[in-house]
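I am attaching a structure below and will ask some questions about it afterwards.
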Amino acid sequence: MFKTLFIAFVTISSFSAAQAQTTEEQPGADLIVYNAKIFTGNQAHPEASALAVKQGRIYSVGSDVDILDLKNSNTEIIDARSRRLIPGIIDAHIHVLNDLAYSYNVRWDGVPTLREALAMLSEQAARTPKGQWVKVIGGWSPYQFEENRFPTLDELRSAVPDRPMIVQYAYNQAFLNKQAMGALGVGTDRFPKVPDTEFEQDSHGNPTGVVHGYTWLFLALESMVPQPTFDEQVSSLIYSIHGLNRFGVTSIIDNGGSWPYPEAQARVNVLARDNRLNVRMPFVDLQLGTGGPVNMVDLEIEAITKTAPISPGQNLHPSLAHGHEYRGAGEVLSGEVHDHENFDRPAVIIEPAKMRRFVEQDVMKLVQRRIPFRMHVSYNENISPFLDALEKVNETIPLDGLKWSLEHAETISAVNIDRVKKLGGGIALDAKMALHADGFIKTYGREKALETPLLRKLVDSGIPLAMTTDAFRAATFNPWVGISWMVSGKSVSGSKVLAENNRLSRAEALTLFTSRAAWFMNAEAELGTIAPGNLADFAVLNKDYFTVPEEQISSISSVLTIMDGKVVYGAQDYSALSPKLPEILPAWSPLKYFGSYHVEK
C-alpha cells in the first residue's frame with residue numbers, strides 16, 4: 001500500500017514539475033538591439049555593437065553574432081542601422097512637478113529666430129479661448145535668436161492683441177501686455193509685494209509692462225493666472241516626460257516647486273498605477289508653505305513624519321526601480337538664504353552670519369535625522385559660510401555618508417570644491433551658461449565667464465558631479481544644448497564663453513549626464529552605463545555624437561529611447577514602436593500644434 005502511494009506521489013509531482021516547466025519563460029532575451037555603435041561608459045568594455053535585455057535589465061553586451069545567438073521565438077529584435085547608442089540620459093536636477101501647467105505654455109526652446117517665436121504667439125493667441133492667457137514661461141534665451149535680442153513690447157502686443165500675455169525669460173524678467181497688467185493689478189495693491197521687483201517705466205513714470213525680479217516674484221505671478229485642472233496637470237506631466245524622452249532622457253530627479261509632497265505625488269500616482277510613467281523620477285521635496293515666512297526644514301520634517309510618512313529611499317512606484325523615490329529635502333531649504341541666480345544682476349550675497357546660523361540650526365536637523373539634502377547655492381561668497389557651518393556640524397554630528405549636494409554652484413572656487421569633497425558631498429552643476437552666458441558677460445565680464453564654472457577642475461577632482469538642465473523655466477530641458485557648450489565652449493549665440501582649457505572631451509561631457517549623474521540617484525551600481533546587470537535604459541541617437549561636427553551636437557536627439565527595457569519614444573524608422581499618447585489637454589494646448597521643442601511637429 002505504502003509503495004503504491006509513493007509511486008502515485010512521485011508521478012503526480014513529476015507531472016506538476018513538467019507542467020510548471022512548460023509555463024516558465026523561455027530562456028533568452030526579451031529584447032535585442034544590434035548593429036549599433038555602443039558607447040557603454042564602462043571602462044572594462046568601452047564599445048560593443050549589440051546588447052540583450054531580460055526583465056528590464058541588460059544581461060549581455062557584445063558582438064552582433066554573440067548577442068543574436070541569445071534570441072528566442074519571442075525576442076523583439078531591433079536593428080540600430082549603425083547608429084550611436086548611449087546610456088540613458090540622467091538629468092539630476094529638473095523641475096517637472098513645478099510645471100504642471102506645461103500644456104498651457106508656448107515653448108520657445110530651440111526656436112532659431114525671434115520672427116518665428118512671435119509668429120507662434122500670434123497663432124496661439126487666435127486659438128486661446130477667452131478667460132485664458134497666452135504664456136511663454138522660460139526655457140529660452142534672446143541669445144538663441146538670429147536677431148540676438150529680446151522682443152519689444154510693441155511686437156508682443158501686436159502678436160497678442162486681445163488676450164492676457166506673459167513672456168517670461170528664465171527667472172530674470174517678464175513682458176506683460178496691457179490685459180495682463182490689468183489682470184495682475186499692476187500699480188495697485190493686488191500686485192505681489194515682492195522685494196527687488198522693478199518695473200521699467202515710460203517717460204511719464206508709468207509701468208511699461210517689463211518687470212525685473214527674482215524667483216519669488218515669478219512664482220507669485222504664476223499663481224495668479226488661470227490654473228489647470230487635475231486632468232490637465234496629468235496631461236502636462238505626460239507630455240513633459242515625452243519631451244524628455246525625445247532627447248534620450250530616461251531618469252530625472254525632480255527638485256521641487258510650487259506643489260509640495262504629498263500633493264504633487266497624486267499626479268505621478270495616476271501614471272504609476274497604470275505603469276505609464278516613462279521616466280525614472282526620484283524626487284526631493286521643497287515645502288514653500290502657504291505664504292509668509294516659514295521654516296522650510298520644519299515643514300519638511302512634518303510632511304515626511306506626520307502628514308504622509310515616508311523614508312529616504314522609499315519608492316512610491318509599485319514596480320519601477322527608482323520610479324518615484326523620496327531622495328530628501330531641497331533644493332530650497334530656506335527662503336532667507338536663497339541666492340537667486342539672475343545673471344543680469346549682480347550676485348545675491350547672503351550675510352555670512354545668517355548663512356552659518358541657518359546651517360547650524362536647520363540643516364543640523366536634517367543631519368540628525370539622516371535626511372539627505374540638496375542646497376541651492378550659486379555663488380562662492382555664499383558657499384564659503386555654508387561650508388564653514390557644515391564642517392562645524394560635522395564635528396559633532398558626523399555626516400558619515402549622508403547624501404548631500406550643492407546645486408548650481410556656478411562660481412565655486414577650487415578650495416571649496418575640495419571642502420565639499422572632504423565632507424562627502426556632491427555638486428550638481430547646471431547648463432544655464434549655455435543659454436545665458438552672454439548676459440553673464442555683460443554683468444561680470446568675459447574673463448569671469450571663461451572660468452564659470454571651473455569645469456576642468458571639477459571633473460578632475462573626482463568629486464561626485466553631474467551636469468543638469470534646471471529646466472523648464474531657468475533653462476531649456478534639452479541636455480544636448482549643455483553638452484554642446486561643455487565640448488565647444490560656445491553659448492547658443494555662438495560666442496566663445498568657456499576657456500579652451502576649461503572644456504571637456506565628448507566622453508567626459510556625456511558622463512556628467514550618465515554614469516556620474518547616477519550618484520545623485522543612489523544608483524551608481526545599476527544606472528549610467530551599458531553593462532550586464534544594469535537597468536535597461538538607453539537611447540539610439542539621430543546623429544553620432546562622437547563624430548559629428550561640434551556645431552551639430554546641440555541638434556542631437558533620440559530616434560529610439562528605451563527605459564526599463566521598454567520603448568518609451570520612437571521616431572523615424574522606429575515611429576511605429578512609440579507608445580501612443582492620450583489626447584493632450586486642454587484641446588487648445590500650444591503643445592498640440594507646436595510640440596515642446598522646435599521642429600517637433
Side-chain angles (χ1 to χ4, degrees), residues 39-42 53 56-58 85-97 237-238 240-256 265 268 271-272 275-284 313-317 319-328 330-331 372 374 403 405 407 426 428-431 464-472 477-480 482-483 509-531 533-541 557-558 560-569:
F39 169 77
T40 68
N42 176 9
V53 174
R57 290 187 181 265
I58 298 166
L85 185 153
I86 64 167
I89 297 286
I90 301 170
D91 191 341
H93 185 123
I94 191 170
H95 297 273
V96 170
L97 294 178
L237 186 59
I238 290 170
S240 61
I241 291 171
H242 181 71
L244 293 168
N245 294 153
R246 179 192 173 199
F247 291 113
V249 177
T250 54
S251 296
I252 63 172
I253 302 178
D254 191 87
N255 268 255
Q265 280 56 48
V268 182
L271 303 185
N275 202 26
R276 292 189 294 137
L277 184 62
N278 288 339
V279 70
R280 302 184 198 276
M281 192 177 182
F283 67 99
V284 295
Q314 184 174 336
N315 190 358
L316 297 177
H317 196 291
S319 59
L320 180 64
H322 308 291
H324 201 45
E325 291 174 338
Y326 174 63
R327 300 268 19 127
E331 65 170 303
R374 303 181 70 165
K403 288 264 180 169
S405 60
E407 307 300 296
L429 301 168
D430 64 64
L465 184 69
M467 184 58 69
T468 75
T469 65
D470 197 20
F472 288 86
F477 64 94
N478 180 356
W480 296 100
I483 292 171
L510 186 57
T511 61
L512 294 188
F513 271 110
T514 52
S515 57
R516 296 187 71 161
W519 181 90
F520 295 82
M521 291 181 63
N522 205 28
E524 309 95 302
E526 54 184 358
L527 279 176
T529 59
I530 305 292
N534 277 17
L535 293 165
D537 296 3
F538 51 88
V540 178
L541 304 180
S557 62
S558 175
L560 181 69
T561 304
I562 305 283
M563 193 277 298
D564 204 43
K566 301 177 181 66
V567 176
V568 294
Y569 177 83

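None of these values were measured; they are calculated from a predicted model.
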Below 4.5 Å, heavy atoms only, C-beta onward: do Ser240 and Phe472 meet side chain to side chain?
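Yes, their side chains come closer than 4.5 Å.
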**Asked** How long is the span from the CZ atom in Phe283 to the OH atom in Tyr326, to the nearest 0.5 Å?
**Response**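 If we round to the nearest 0.5 Å, Phe283:CZ and Tyr326:OH are 7.5 Å apart.
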**Prompt:** Do you see a donor-acceptor pair shorter than 3.5 Å between the side chains of His322 and His324?
**Reply:**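 Checked: His322/His324 side chains show no N/O donor-acceptor pair below 3.5 Å.
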Least distance between heavy atoms, Val284 atom then Arg327 atom
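So the minimum-distance heavy-atom pair works out to CG1-O, 3.7 Å.
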Contact summary for Ser558 and Ala539, nearest pair of heavy atoms: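 That closest heavy-atom pairing would be OG-CB, 3.9 Å.
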Side chain proximity check, Leu244 to Ile89, heavy atoms < 4.5 angstrom: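 With C-beta onward as the side chain, the pair stays apart.
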Contact between Thr469 and Met467 at the side-chain level, heavy atoms closer than 4.5 Å - yes or no?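 No, their side chains stay 4.5 Å or more apart.
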If you measure from OG on Ser405 to CZ on Arg374, what distance do you get to the nearest 0.5 Å?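 So the gap between those two atoms works out to 4.0 Å.
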What do you reckon, are the aromatic ring centroids of Tyr569 and His242 less than 6.0 Å apart?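 Centroid separation for Tyr569 and His242: below 6.0 Å.
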Exercise for the section: Using a strict cut-off of less than 4.0 Å between a Lys/Arg side-chain nitrogen and an Asp/Glu carboxylate oxygen, indicate whether Arg280 and Asp564 qualify as a salt bridge. Expected result: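 Yes, this pair counts.
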Original post:
Should Val249 and Pro479 count as side-chain neighbours, where that means a heavy-atom distance under 4.5 Å?
Top reply: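 Of all side-chain heavy-atom pairs linking Pro479 with Val249, at least one is under 4.5 Å.
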Quiz item: So, His95 versus Asn255: side-chain donor-acceptor pair below 3.5 Å or not?
Solution: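 There is no such pair between these side chains.
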Quick check against the 3.5 Å criterion: does Ser515 have a side-chain atom that pairs as donor or acceptor with the backbone of Thr529?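 Pair absent, no side-chain N/O of Ser515 close to backbone of Thr529.
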Kindly indicate whether the side chain of Asp470, heavy atoms from C-beta on, has any atom under 4.5 Å from the side chain of Ile94.
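Result no, sub-4.5 Å side-chain heavy-atom pair not found.
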Regarding Thr514 and Thr511, do their side chains bring together a donor and an acceptor under 3.5 Å, going by distance alone?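 On atom types as modelled, these side chains do not qualify, holding no pair under 3.5 Å.
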Handout entry: Non-hydrogen atoms of Ala428 and Glu407 that approach each other most closely
Key =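 Closest approach of Ala428 to Glu407: CB-OE1, 3.3 Å.
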_Before you tell me yes or no, could you show the steps for Leu316 and Gln265 under side chain to side chain contact (heavy atoms under 4.5 Å, CB included), namely the whole-Å CA-CA distance, both residues' side-chain angles and the distance that decides it to 0.1 Å?_
CA-CA 9 Å; Leu316 297 177; Gln265 280 56 48; 3.8 Å; yes
Whether the side chain of Asp430 engages the backbone of His93 through a donor-acceptor N/O pair (distance < 3.5 Å, no angle test) should be reported.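 It does not hold such a pair.
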Specify the closest pair of heavy atoms between Phe247 and Trp480, including all atoms of both residues, with the distance to one decimal.
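Where Phe247 meets Trp480 most closely, the heavy atoms are O-NE1, 3.1 Å.
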request  = Using distance alone, with no hydrogens and no angle criterion, decide if Asp91 and Ser251 have a side-chain donor and acceptor under 3.5 Å apart.
outcome  =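 Their side chains do not contain a donor-acceptor pair, so the 3.5 Å distance test is not met.
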request  = Please report the closest heavy-atom contact between Thr468 and Phe513, naming both atoms and the distance.
outcome  =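 So the two residues come closest at CA-CE2, 3.8 Å.
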| Taking all non-hydrogen atoms of both residues, which atom of Ile252 and which atom of Val96 are closest, and how far apart? |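 Here Ile252 and Val96 meet closest at CD1-CG2, 3.5 Å.
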Note to self: Let me confirm one number: the OG1-CD1 distance from Thr250 to Ile241, rounded to the nearest 0.5 Å.
What the structure shows: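 Between atom OG1 of Thr250 and atom CD1 of Ile241 there are 12.0 Å.
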Side chains of Asn534 and Arg57: closer than 4.5 Å at any heavy-atom pair?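 Answer no - side chains too far apart.
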Check your understanding: Can you tell me if Lys403 uses its side chain to pair, donor with acceptor, with the backbone of Trp519 under 3.5 Å?
Key ->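 Checking the backbone N and O of Trp519 against the side chain of Lys403, a donor-acceptor pair under 3.5 Å is found.
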* Quick one: pull up CG in Leu97 and CG in Leu237 and give me the separation to the nearest 0.5 Å. =>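 Separation between the atoms: 6.5 Å.
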Next on the checklist: For the OG atom of Ser557 and the CG atom of Asn245, what is their distance to the nearest 0.5 Å?
Outcome noted: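 Result: 12.0 Å between the selected atoms.
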- Task: Determine whether Leu560 and Val567 make a side-chain contact, defined as any pair of heavy atoms from C-beta on separated by less than 4.5 Å.
- Result: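 Leu560 reaches Val567 side chain to side chain.
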* Asked: With a 4.5 Å heavy-atom cut-off, do Asp537 and Ile562 have their side chains touching?
  ->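 Asp537 vs Ile562: side chains apart.
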How long is the gap from CG on Leu510 to CZ on Phe39, to the nearest 0.5 Å?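 Output value for this atom pair is 5.0 Å.
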Just checking, any donor-acceptor pair under 3.5 angstrom between side chains of Glu325 and His317?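 Not at all, the side chains of Glu325 and His317 share no donor-acceptor pair under 3.5 Å.
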